Amino acid sequence: MATSNNAFSPKAPFLWHGGDYNPEQWPREVWQEDFRLMQQTGVTVATVGVFSWVSLQPAEDRFTFEWLDEVLDGLHAHGIKAILATPSAAQPAWMSQQYPDVLKAGESGLRNPHGGRTNYCPNSPDYRRLSGDIARRLAERYGQHPAVILWHISNEYDSWCYCETCAARFREWLQAKYGTLDELNQRWWTAFWSHTYTDWAQIQPPLKGGETLTHGLNVDYFRFMTESQIACYRNERDIIRAITPEVPITTNLMGAYKPLDYRKWAAEMDIVTWDCYPRPNTTPAEIAFMHDTHRGLKDGQPFLLMEQTPSSQNWQAINALKRPGVLRLWSYLAVAHGADSVLYFQWRRGRGGSEKLHGAVVEHSGRSDTRVFREVSQLGAELTHLGDAVLGGRVRAKVGILFDWDNWHALENAIGPVSEKQYYATVSKHYAAFYRQNIAVDVVFPESDLSQYQIVVAPMLYMVKPGLAEKVEGLVANGGSFVTTFLSGIVDETDLAFENGYPGPLSKVLGVHIEEIDALYPGQANSIVMADGSGTFTCGRLADLLHAEGAAVLATYGSDFYAGMPVVTRNAYGSGSAYYLGSDAEPAFLDTFYGGLVKGYGLQAELDAPQGVEVSVRHTARQPVIFVLNHNATPVTVDLGTRHFQSLLTDAALSGELALGAYDVQIMVETI
Ligand code: GLA
Ligand code: ZN
């Protein structure tokens, strides 16, 4: 097979298999056993150095790299590549002791005691200096090491801080953003409750018991905290990049993580990587949505699955085991949606510490005759067989779902009309309607190029940033479809309500005017009565009382004092249409509604598949690779019609009825 040009590292042109490895917690004898067992499981990549700070630098002026020299050489001697982490996610105790400004402050504004992890202030000059220094030493020492294929800076950034240093930097940030206090007061609407600032020094972070109700301040503090933590990443990244420009650099993200705007992070990362920890009851659609979100962060570039548990987690209320086959199924689910790796947390369970009961490839028994070790080894053998066949493959989607972190914060900050806005869950719910029909979706953002899509869906787009409405108008005028829902078009980017009513700048393209918003109690419902008589669906949670101003009414409410008012509208605009869904509809409505839209554009699933069977495609330079994933706990068959395929897992020819066991997977290419 030709070598793929799309590998993240020319030293490792295959799907990476392996995970977090913490040899600093173990004596040397165990390392040899680890290398042997890694080879047995088909592990090709180990992530080392995460949280190793004190093992590398036991005092400010003392460095102990020798053990890491040995580990990297040992991995290399066994043909295993290394993702090398900088240790900056947890500072050593000596640092907090020597430089108390390194410790972060909680919402009360008081600094925390030392302990845990990500317990540092992102604006601490001492933290920046010391984390930059250890990063430089690692890059100088190991940048040319033959095993090193990727830099992993820090770990799961998660360091919101409310200290005095952060408050001072925040004021500077605001001055740069707003210029004058008058402008800030106006954009934050501070005349409300006598909140007007008369001196920059009066502005505090949103401290608990203090100013938490100025929404413009809250959204800006979120933006500032994102930028503060990115600055820590950038500080280390730039030092490393100057020394090893040929080694890509990343940090691991965390999925639907609200406190940091990952779209801004992605712009600073060479590769998006993330840690996938679904709950046992998370649906495949929800997991797929998270993968697609991460693929979307860099506009479709493949990403790395940096962590997942091989068996169970330990930090949820109930940590069920992944059922036999589910590790393999969810690994390929990631790959099908754009991952070029299958990596675990963790290789070997530590004997102490808070993660001693977290799943690992090697359990406390140290045995290799376990179910988990066997499943990992079988997967390892398959991934070796797959080689580079999927690597770099792109997902081609004509549907974009818009997601925005600023919107998430602004929407969920808002007080009324319901306390639980459920933004992420709502976007995920709309995504699931396409997922069930095996229609590929890209997750897009307000500044994404929308012109490549036929359908763009933006649920609960409460905050509409400048320029977005014009882009939507362009999409629709050129024949695209735009769909939005209740609670959209309400505020601008500093969280001020639009002056001419809702849906604000989207009014023109949508051809509707929202007069009032009703909130429904749990268990209370209304209905969506289709105007063409095709059916009635349930809706609830929120109900916009809207007027069509140019739009056609596709459905009306079935009950309450607004029975007969529009709930679903379509506005013809240029050669496309813009739709407004005024209430939270049951999934059956979304299936029908999006089913119709998808059909209208001639979009089709790659294969007809039974319920619970996912069909996804990644397009490599060589060929489209088709993934068939049976998410059911029971066997199924998929009718391949008259087409012929070859399995990339077994090389077998496939035609007629494709049989899949419970949680089984097939990966195949079409043959003529
Ligand atoms: C995260 C971290 C790991 C580990 C796992 C446990 O993803 O990055 O260090 O704590 O969670 O699930
Ligand atoms: Zn701070």
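Computed from a prediction, not measured in an experiment: that's the story for all the values here. Every number for a ligand or one of its atoms is a count from 1 in the order of the listing.
Near-neighbour remark for the Zn ion (ligand 2): protein N, O or S atoms under 2.8 Å are Cys121 SG, Cys161 SG, Cys163 SG, Cys166 SG; waters not counted.
His294 and Gln301 form no side-chain donor-acceptor contact under 3.5 Å, judged by distance and modelled atom types alone. Between the side chains of Asp340 and Trp16, no donor N or O sits under 3.5 Å from an acceptor N or O. Under 3.5 Å, the side chains of Trp347 and Asn22 contain no donor-acceptor pair of N or O atoms. A donor-acceptor pair shorter than 3.5 Å can be found between the side chains of Asn112 and Asn119.
The heavy atom nearest to atom 10 (O) of ligand 1, considering only Glu355, Gln316, Met306, Gln308, is found in Glu355. For the residues Arg117, His358, Gln313, the heavy atom positioned nearest atom 9 (O) of ligand 1 is part of Arg117.
Interatomic distance, OH of Tyr99 versus SG of Cys121, reported as 15.5 Å (0.5 Å rounding).
With Glu211 as reference, His195 is the one residue of His195, Gln204, Gln202 to meet the side chain to side chain donor-acceptor pair (under 3.5 Å) rule.
Taking the six-membered ring wherever Trp is involved, the centroid distance between the rings of Tyr663 and His631 does not fall below 6.0 Å.
Counting protein heavy atoms only, atom 3 (C) of ligand 1 is closest to Glu307 OE1, 3.4 Å.
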Test log, rule side chain to side chain contact (heavy atoms under 4.5 Å, CB included), inputs Phe627 and Arg618: CA-CA 8 Å; Phe627 294 76; Arg618 278 184 78 178; 4.2 Å; yes
Worked verdict on Asp133 versus Arg129 for salt bridge (Lys or Arg N to Asp or Glu O under 4.0 Å): CA-CA 6 Å; Asp133 181 62; Arg129 174 174 59 80; over 6 Å; no
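Residue-ligand proximity, Phe51 to ligand 1, at heavy-atom distances under 4.0 Å covers atoms 9 (O). Close approach to Glu156 involves these atoms of ligand 1, each under 4.0 Å from a residue heavy atom: 1 (C), 2 (C), 7 (O), 8 (O).
Between Asn155 and ligand 1, a contact under 3.5 Å exists for at least one N or O pair.
Counting heavy atoms closer than 4.0 Å to ligand 1, residue Val50 contributes nothing at all.
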